Structures are given as structure tokens and as C-alpha cells.
Amino acid sequence: MSYDDKKHAELILDDGRIEAMQEFISPDELYRDLIDRVLKYHPSDDISLIEKAYKIADEAHKDQLRKSGEPYIVHPLCVAIILADLQLDKESIAAGLLHDVVEDTVMTEEDMEREFGKDVALIVDGVTKLEKIKYNNDKLEYQADNLRRMFLAMAKDIRVIMVKLADRLHNMRTLSHQPEAKQKEIARETMDIYAPLAQRLGISKVKVELDDLSLKYLEPEVYYDLVDKIAVRKSVREAFVQDIVDEVSEAIKEGGIEAKIDGRVKHFFSIYKKMLNQDKTIDQIYDLFAIRIIVNSIKDCYAALGIIHEMYKPIPGRFKDYIAMPKANMYQSLHTTLIGKTGTPFEIQIRTYEMHKTAEYGIAAHWKYKAASDGKKVEESEAEKLSWLRQILEWQKDMSDNKEFLSTVKSDLDMFSDSVYCFTPTGDVKSLPAGSNPIDFAYAIHTAVGNRMIGARVNGKLVTIDYELQNGDRVDIITSQNSKGPSRDWLNIVKSTQAKNKINSWFRSELKEENIAKGKELITAYCKTKGIELENIMKPEYMEAIMRKYGFHDWDAVRAAVGHGGLKEGHIVNKMYELYERDHPEHISDEEIAKNINDAHKEKNLSNIKGKGGIVVQGMDDLSVHFSKCCSPIPGDEIVGFVTRGRGVSIHRTDCVNIINLPELERVRLIEAEWHIPEGKDRGKYIAEITIFMSDKPGMLLAITKVLTEKNVNVISVNGRPGKNNTAVTSLSFETSGKDELNSVIDRIRSIEGVLDVERTRG
């Protein structure tokens, strides 16, 4: 059975999770709905800021339509309504209405601050900047840099991420209007980044819906099968849950405890994960139901727990006390799983009203307006609650590679969902990813404790450093001033991202001289491979440009970053060589370049060409043609010409990073080029470069060279360096006749056991 969005929305509304579809509601009705929601929780009835924001947004988006055909203003209105459901302040609501305005009007950031104040301007600026940068076809690089910018903006004002999450949630609600490929792309990013981020910040109200909607587009058959089966059992489920609620309500009331009690089915993604992890069908998953008890005090929580355990038999090992040991995202509740009178398991969660607010709204709960007569926000210190964000910002400083940063954050978000709680000898609680060991615990206490660790005791007994910590363990770290520091093997043992980064940081710091020497060696070797004179590019002004680009204070820091793998030597050398070429023009002028390019664009035949190595360049009659050293094109590659100053036409691959990142003003100098080698004519030999990622174990290089020998390949250079997590990286330059031969070599190397991946160098 297939479901359209409306039917699906109705089904989920039974569980109170997704707002009704807004398709047929006018912007004016949505605006009135927004104001009604704000006035229900806000102590001040002054809506002038929101009113002004709506008028400006409405004017800015006038005549614009979304892919659904509805007026564009509906989107910012729905974003603002989501923020109102999170009970955020008026500045956040106004920013939600205005978050697309700067992109679509001539309104500047200064105008925004003058009209709406510094807070609104800062939030809008933070959200807008997240969308500005584009990376052509490198979606991973774009996603990684976007994430960096998001965390920097969050550090200035946490409300930036609230608006961003609301924006993503409404886009997910209306994702059906996008092409299928785009649906999957957006849903995957939401599942990988935004839903875990909402969970990390404790905003379960948003997290649950993002998960369910992502599942809908990533696994539609699974999703709608769940919808069908849960709908079929709807009446049975409701009767079961209501019976439990009635029984619990009566017992709690008799115990003299004032409580609000309700029941719900667990959300679709949660059920799907359980089915996947336990390899079961939905009929075999029994604890689909949860009863929530909300009381006035912590004392009442434990009293209610006692009553419940008298009524029903608890399942051993399924009790969790998140009140005494809160989750890192501030979540607090008592969880217990019980057997009902019919033998059906169900879960009960017990919490106070304040805990419930934090569970639903997470960090957002701390931006609500308090009941003050003047409607002003009560200031409170959120330093502890934002410790995770501070940790993320520290990672940003340590990692120059965007993709490494993305991988680190994803890993941390993945690990967060399952935690283990252990105690220090003084009784402090440390929350760590499940599977953590004493090394993770040591670094959770302090960096110096981890660096000086030589052993550990758990519950009074000596344990090995790879001992898997259990909930409730009391851990005593043994340290020594004579410790030589962490071992590289620890990187393969630890589970927490925090510990891995602190260990890596130690090696970067302690082995700086070694890394500097290694970096210098890699840069020199790369120049030799590409035929670039090292002394030509090692000029103070070029070195300064590189240091400024990557945020380093001295050249040794750049070399060290290359040495430990934080920066690619190719990126450094190619950028410096580009600057060198810019500063060393020869006889050809800009006017001649422009004339040649214009002539070439007018000339649509290939009668007037100058070729080298079988290259045809349209419209070029007086310029030499040479291959670029940054990407080493070979026959079979898609190519493009770049008219240089003084060195003729430089031929690049179209996927060369220098072409992809070419400034807009320089793109006029690109010219069409193609291979033109007559059938049967010897193509000659061309230089190709590949990068091999492999396990760091004996015999790997021998296996690779054996393949090259079998293929009769003439090797020009080999450069190797250690990678991460017991891997190695080898750069290989060799001669080849064209892409077919190159692909054959790559495929053969990929088939070697221990080779993880092979990439063609793109500059």
C-alpha cells in the first residue's frame, strides 16, 4: 500500500510528533498562528519585533515561489512556528523569519543590526554564512566546511543552530517536492549530521522527527511497511497503553503523588534500529510502548519508581538512573522496563517537569523567557552545558583538514548515542562512549593524566589498559612523572574522540622536529616529481601567503603539518607555483591573451591549431602548449586549456583542483582542448600519479612493485608516509600510455589484500 504525505501525516499525528501539513494555509493565517503560539508562553505581549520581521520578510520574498508552488514566505513562517514550539525568545523567532532575507534583498548585515538589534543580526548572519560557500563537485569538502562554520557561529550564539535545525526540519517536511536524488542526499546529511546534532544538544522534539523523515526517504519501503503495521495494530496498542496508564495513575494517586501520566509508541526510526540491531521483525519487538510519568520533585521520582516496581516485575539489567548520572546533553530521567500482566514488556520513564522540558527542548530550554514582568531574559551561566561545543572548537584549531574534522565530529556524534558511566575515586561521574577503556577515562579527567598514565585499577583491582569499562565501575588511574607519554598503539584502542585527539595532539607537539623534517622531505620530493625548482617557489611572499591561507604563524608549523599528514604537500607546492607563475610573465600581454581567447571562442573549427603530444586547442595559432604538472593529464582524460601569461597554453584535467577552485575573474582564460591522436599512432609516454591508502604492514610495498613489474610500468618516484589508525599512504609516479592502461594498473593494485583505496592525484 502506498501513502501520500497527507495520509502519512495523519498516521504520525496519532503519536503527536509531526505538525499538520500546512499546504492549504495562507501566509496570513500562518502568521496569526505564530503569534498565538508565542503569546501562550511569552510573558510580554509586545510583538512589534516579530511583526516588523514578518513585514520585511514578506516584502523580500514577494513573488517568489517554492518548488511546491506555495509562496516562499511560507517557509520562514513555518521555521518561526517550529522555533515558537521550542518556546524560544522573540529574537530567535525574528531571526527565523529573516534567515533568508539577506540572500534575497539588498539589506546588509549593518541594516539588519540597525533595524533589529545585535542579537538578531548575529543569528541571521550565522545562519546565512552556513550557505554561502560552494565547492563544485566536492560535496564532502562543502559539508565539512559548512560544519566548521556552523560550530563557529554556534560559539557566538547557540541560537544559530536552533534556527538552522528548524530550517532543516521544515525542509525535511516538504522534501517530497524535490527530485529523488536530492531527497536522498538531503536525508542522508540529515541522518548523519543534523539528527545526531539535535540529540547531542538534547532537543529530542526535533531529533525524533528528523530521524523518522530521514528514514522515510532513505528506506521508503521499510518506512511505509512500519507505518502499515503500526496502523494495523493501532486499536490494540491504544487499548494496551490506556490500560497501563489507568493502572499506574490509580496506584500513583493512592501513593499521594501528584503526576501527569501518558503513553506513546516509540518512534519509527527507534523501532527500525532495534529491528536491525537485534535482527528481528516488528512482531518480535515487544517493548514498542513507553509510559511517561511526570512529577513535581526528584523525591517523587524515586517514590513513583518504588510503586511501579511493586506493581510490575522489572526486567533485570534494564533499569537506568539518568537523574543521578545525567547524560552529557543534560537529559535526566529514570528508565525501567517491566513485564505487563499480559506478559508484554513496556518501558516507563519518570522525570520532573523541569527534566521534561530539558528532555524535549535540550539546550533550547535555556533560551526560553522566564516569567519576569518586563519580559527580559534571566542571565544564567551555561558554561558546563556547552562544554561539548568548546571541545569541538578545540578540535577545529588542531585540524587543518576539513574532511578529518567532519569524520571526527561524525564519529563523536555516533558514539554519543550509547554511553557508559564510571566514577573517579572521589565520586565524580564521567560519561564515555560504550566500549571505552581506562585510557579514555584518563583523558576524560585531564590531558596531563592521560599523557602520564602507566596503568589503572578498576574497583580496586589492577586491569589491563584495554579493559572494557562497565556502568558503575570505580576507576583509579595510575600515573608517573617518568612516563614517556602515550603510545601510538593507544590510537587503535581508545573509543572516545576526545582521547584520540589528545593523543594525536601530543604526538604533533612532542614529535614536532621529526614532523618538520618529514614535511620538508615531502615538499622537496613533490617538487622533484613535478619538475618544479624548489628555490623558485620558496620566496618569503609565497610562504607568507600559505601561512595566511592555513592560519600558521611560521613556516616550520607548515612543514610539521605536512609531516604529520594534516596538510597535503601537493596543495602547498601547487599554490606556491601558481603564485610564482603569476609573478613571472614573459612576452605575452593581457591584451594578447584576451584576443586569443576571443578568437578561440569565435572559431568553431579546428583548422587553426598548435599541438603537443596530440593536443588540439581551438583558435590557437601562435602559442605553445604544455602539460600542467599539478594534475598530469594523460590521453583519455577530459581536459581544458588555460592561457598563461608568457608560457602559452597549460593543459589541465577538468577535475584538477586548481581548475575547480579557479577564481571567477580568471575563468575567462579557459579554452577548449581535446586529445587528437590518429588511430594506430604511438601515443608516447605520459606521467601519472596515484595515491595508495593501505594497511601499515610488512610486504605491502613489495606486492605493489610486483604488480608494476608485471604490467611493465616504468616507475618515476615513490614516496610513503604513515597514515592514521595503523595505515600507510604511498604516492606513486610512473609512465603510462593513457587512461585505459592507468585504470588497469589501479584496478590491479586495488585487488591486493591490505590496499584500502587508490586515488588519482588531482593536484
Side-chain angles (χ1 to χ4, degrees), residues 3 7-20 85 204-205 207-209 211-212 223-275 280-296 300-315 318-320 322 331 333-353 355-357 359-360:
Y3 284 82
K7 286 180 182 174
H8 159 243
E10 288 165 359
L11 280 167
I12 298 188
L13 278 169
D14 287 339
D15 297 317
R17 289 197 294 274
I18 296 184
E19 289 294 325
D85 284 342
S204 67
K205 190 178 179 73
K207 188 263 182 191
V208 163
E209 193 176 342
D211 272 339
D212 281 353
Y223 178 83
Y224 285 120
D225 186 53
L226 281 174
V227 171
D228 282 342
K229 287 175 178 172
I230 289 175
V232 167
R233 301 170 60 175
K234 179 181 170 186
S235 58
V236 177
R237 179 188 84 215
E238 287 177 343
F240 174 80
V241 171
Q242 192 56 52
D243 285 346
I244 299 290
V245 169
D246 291 344
E247 289 173 4
V248 170
S249 297
E250 187 177 341
I252 294 289
K253 188 175 181 181
E254 286 177 4
I257 300 171
E258 187 180 323
K260 177 186 175 185
I261 303 170
D262 57 34
R264 63 183 179 86
V265 69
K266 292 184 177 180
H267 66 284
F268 295 145
F269 182 69
S270 173
I271 297 169
Y272 169 66
K273 270 210 310 187
K274 186 161 285 193
M275 289 167 60
K280 292 180 178 179
T281 66
I282 191 169
D283 297 321
Q284 296 171 309
I285 303 289
Y286 295 111
D287 55 338
L288 298 175
F289 318 109
I291 308 298
R292 186 177 292 144
I293 302 173
I294 306 176
V295 296
N296 292 319
D300 287 344
C301 289
Y302 290 101
L305 179 69
I307 293 170
I308 297 303
H309 279 188
E310 273 189 49
M311 294 177 65
Y312 306 101
K313 185 176 181 179
I315 297 177
R318 296 298 300 272
F319 169 69
K320 292 180 181 177
Y322 294 120
Y331 177 87
S333 272
L334 298 176
H335 286 200
T336 183
T337 305
L338 311 140
I339 300 290
K341 292 175 181 176
T342 61
T344 304
F346 65 95
E347 184 181 71
I348 284 189
Q349 300 169 358
I350 308 170
R351 60 180 71 145
T352 65
Y353 284 95
M355 291 172 191
H356 181 62
K357 286 179 183 177
E360 290 289 291

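Sequence positions, counted from 1, serve as the residue numbers for this chain. If you're wondering where the values come from, they're calculated on a predicted model, not measured in any experiment.
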S.K.: Search all heavy atoms of Arg351 against all heavy atoms of Ser333 and return the closest pair with its distance.
M.R.: NE-OG, 2.6 Å
S.K.: Output all residues satisfying side chain to side chain donor-acceptor pair (under 3.5 Å) with Asp243, sequence neighbours left out; order by chain, then residue number.
M.R.: none
S.K.: Apply side-chain contact (heavy atoms from CB on, under 4.5 Å) to Ile315 and list each qualifying residue two or more places apart in sequence or on a separate chain.
M.R.: Arg318, Thr337, Ile339, Pro345
S.K.: Can you tell me how far CD1 of Ile244 sits from OH of Tyr312, rounded to the nearest 0.5 angstrom?
M.R.: 4.0 Å
S.K.: Applying side chain to side chain donor-acceptor pair (under 3.5 Å), can you list everything that pairs with Glu250, at least two apart in sequence or on another chain?
M.R.: none
S.K.: Might you work through the side-chain contact (heavy atoms from CB on, under 4.5 Å) test for Ile291 and Ile308, ending with a clear yes or no?
M.R.: CA-CA 11 Å; Ile291 308 298; Ile308 297 303; over 6 Å; no
S.K.: Just verifying a value: how many Å separate Phe346 CZ and Phe240 CZ, rounded to the nearest 0.5 Å?
M.R.: 6.0 Å
S.K.: Test of understanding: with salt bridge (charged side-chain N to carboxylate O under 4.0 Å, His left out), list the residues that count as partners of Asp225, not counting sequence neighbours.
M.R.: Lys229
S.K.: Could you measure the distance from the NE2 atom of His356 to the CD atom of Gln349? Nearest 0.5 Å is fine.
M.R.: 10.0 Å
S.K.: What residues, two or more places apart in sequence or in another chain, satisfy side chain to side chain donor-acceptor pair (under 3.5 Å) together with Thr336?
M.R.: His309
S.K.: Find the distance between NZ (Lys260) and CZ (Arg292) and round it off to the nearest 0.5 Å.
M.R.: 9.0 Å
S.K.: Can you list the residues that meet the ring-ring contact (aromatic ring centres under 6.0 Å, His included) rule with His335, with sequence neighbours excluded?
M.R.: Tyr322, Tyr331
S.K.: Listed by chain and number, what are the side-chain contact (heavy atoms from CB on, under 4.5 Å) partners of Asn296, not counting sequence neighbours?
M.R.: Glu258, Asp300, Tyr353
S.K.: Grab the two heavy atoms, one from Ala303 and one from Ile257, that are nearest each other, plus how far apart they are.
M.R.: CB-CD1, 3.7 Å
S.K.: Restricting to side-chain contact (heavy atoms from CB on, under 4.5 Å), what partner residues turn up for Ala259, sequence neighbours left out?
M.R.: Ile252, Ile261, Ile293, Val295
